[in-house]
2 protein chains.
Amino acid sequence: MSAAIELDSVDLALLAELQNDARISNKDLAARVGVAPSTCLARVQRLRQRGVIHGFRVVLDEKALGNTVEAFLAIQMTPHNQAFVPPFIEETLRRPGVREIFLLTGPDDFMVRVSVQDLNALQRLVLEHFTTRREIAAVQTRLIFQSWAGGPIGPT
Amino acid sequence: MSAAIELDSVDLALLAELQNDARISNKDLAARVGVAPSTCLARVQRLRQRGVIHGFRVVLDEKALGNTVEAFLAIQMTPHNQAFVPPFIEETLRRPGVREIFLLTGPDDFMVRVSVQDLNALQRLVLEHFTTRREIAAVQTRLIFQSWAGGPIGPT
DNA sequence: GATGAAACGATCATTTA
DNA sequence: TAAATGATCGTTTCATC
């Protein structure tokens with residue numbers, strides 16, 4: 001689940017195809033990478049077992065969901081409050097609009113990526129959930145104008 | 001593909017299930033949300049057509065892929081170089097290890113999320129791809145200690 | 001890792017509410 | 001108009017090579 005794992009060219013091809021369309025049928029997936037369906041099935045199952053594949057998720061269009069504003073919230077905690085971290089994470093993840101949380105090095109302790117209906121909803125989220133907490137010293141909002149995902153899988 | 005779209009409770013339930021496991025069979029998906037398989041199939045197809053669903057992706061374990069270091073690179077561009085943006089984005093996306101790029105408001109123009117083998121690979125990526133570019137004024141590296149994903153889908 | 005067959009699911013025309 | 005039924009067709013899956 002966490003050590004580096006040997007991946008041959010078939011594994012890498014499978015992962016690349018699943019990155020492109022995770023709901024492809026096993027038969028089509030097999031055809032695309034040039035193995036038999038049974039082999040393909042066993043390979044994908046093995047990649048899940050070995051922890052290379054964590055799961056499969058739908059990619060949603062935030063605008064279609066009604067969210068027009070995406071942002072990063074850069075959060076600085078007050079010093080020496082490590083005990084507050086787990087409940088902060090848990091409660092923040094439960095908050096609608098919160099997409100990802102990153103615990104970082106550097107001047108900002110956390111970055112929270114959010115996606116909300118509009119600027120009012122952003123303001124409400126920041127004021128009601130973040131700035132009211134004693135363990136939070138500062139919150140900076142950086143709006144996301146545009147984003148791009150992807151990049152090849154191979155070695156760095 | 002970009003305006004807000006009416007989603008009823010069945011749509012939201014489907015999206016929640018697909019967020020949890022995008023490779024669930026149509027039959028199981030139908031059973032989980034309490035509709036007939038044919039209805040389920042039509043609903044998911046409609047969500048794709050209306051652009052609510054962008055696609056389905058595999059979620060990989062970076063450590064299992066051999067990547068032990070994840071980081072954000074906060075990048076400041078030199079002023080008035082908008083023409084450099086599209087080629088910068090394109091070439092950065094092609095670079096192995098680059099996962100996401102965000103164009104932001106605030107002091108940092110871009111945030112690039114990367115995932116690489118080790119600190120040497122990170123150093124190489126930063127020095128070879130970023131700091132050598134004339135259009136880039138500064139790069140700050142913030143290592144990611146830990147991250148969490150998720151949160152409910154509903155309205156904000 | 002491939003083959004081939006049995007079991008199962010996806011899909012669509014039709015029916016029903 | 002939207003969802004369920006039920007038949008057909010294709011896919012998944014596993015024992016075997």
Side-chain angles (χ1 to χ4, degrees), chain A residues 1 3-67 117 152-155, chain B residues 1-61 63-66 152-155:
Chain A
M1 183 103 167
I5 276 171
E6 283 288 305
L7 299 174
D8 67 15
S9 63
V10 173
D11 291 322
L12 290 174
L14 288 170
L15 295 178
E17 290 297 336
L18 288 171
Q19 194 114 98
N20 193 254
D21 175 13
R23 248 182 114 72
I24 188 174
S25 77
N26 182 67
K27 189 196 176 230
D28 290 350
L29 182 58
R32 276 175 176 277
V33 308
V35 295
S38 60
T39 304
C40 181
L41 192 71
R43 286 278 193 150
V44 173
Q45 285 173 347
R46 199 165 59 118
L47 287 168
R48 294 200 77 156
Q49 274 174 8
R50 295 195 294 175
V52 178
I53 291 175
H54 264 192
F56 303 93
R57 300 192 88 176
V58 64
V59 181
L60 300 176
D61 182 319
E62 294 291 352
K63 288 201 190 69
L65 291 175
N67 295 327
Q117 219 175 345
I153 283 177
Chain B
M1 185 102 169
S2 60
I5 276 171
E6 283 288 305
L7 300 173
D8 66 14
S9 64
V10 173
D11 291 322
L12 290 174
L14 287 170
L15 295 177
E17 290 297 335
L18 289 171
Q19 195 116 97
N20 193 253
D21 175 12
R23 246 182 115 73
I24 188 174
S25 76
N26 181 66
K27 188 193 177 240
D28 289 351
L29 181 58
R32 277 175 176 277
V33 307
V35 296
S38 59
T39 304
C40 181
L41 193 70
R43 286 278 193 151
V44 174
Q45 284 172 347
R46 199 165 59 118
L47 287 168
R48 293 200 77 156
Q49 274 174 7
R50 296 195 294 174
V52 179
I53 291 176
H54 265 193
F56 303 94
R57 300 192 86 174
V58 64
V59 181
L60 300 174
D61 183 317
K63 289 201 188 70
L65 292 174
I153 282 177

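Throughout, protein chains are lettered first and strands after them, A, B, ... in sequence-line order, and every chain is numbered starting at 1.
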Item to check | Upstream residue (5' side of DNA chain C) when B/Ile24 and A/Val35 are each assigned their closest nucleotide | outcome: A/Val35

Euclidean distance, atom [atom1] of residue [X] to atom [atom2] of [N] [Å, nearest integer]:
X	N	atom1	atom2	value
A/Gln45	D/dT12	CD	P	12 Å
B/Asp8	D/dT1	CG	P	17 Å
B/Asp28	C/dG9	CG	C1'	9 Å
B/Arg23	D/dT13	CZ	C1'	13 Å
A/Asn26	C/dG1	CG	P	14 Å
A/Arg46	C/dG1	CZ	C1'	11 Å
B/Lys27	D/dT5	NZ	C1'	15 Å

Given [options], identify the nucleotide with an atom nearest to the side chain of [X].
X	options	value
A/Pro37	C/dA2, C/dT11, D/dT13	D/dT13
B/Thr39	C/dA10, C/dA2, D/dA4	D/dA4
A/Ser25	C/dT3, C/dT11, D/dT11	D/dT11

Checklist entry - When all nucleic acid strands are considered with a 4.0 Å heavy-atom cut-off, which category describes A/Arg43: base, sugar-phosphate, or nothing? => result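 Sugar-phosphate contact only.
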
Checklist entry - How about A/Gln45 and A/Arg48: do any of their side-chain heavy atoms sit closer than 4.5 Å? => result no

Checklist entry - Are the side chain of A/Asn26 and the backbone N or O of A/Pro37 linked by a donor-acceptor pair below 3.5 Å? => result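 A pair under 3.5 Å: yes.
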
Checklist entry - Sub-3.5 Å donor-acceptor pair from the side chain of A/Arg23 to the main-chain atoms of B/Ile24, do we have one? => result yes

Checklist entry - Is there a donor and acceptor pair closer than 3.5 Å between the side chain of A/Ser38 and the base of D/dT12? => result no

Next on the checklist: Looking at A/Arg32, I want to see if its CZ is surrounded by more than 12 non-hydrogen atoms of other residues, nucleotides or ligands under 6.0 Å.
Outcome noted: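 Count not over threshold, so no.
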
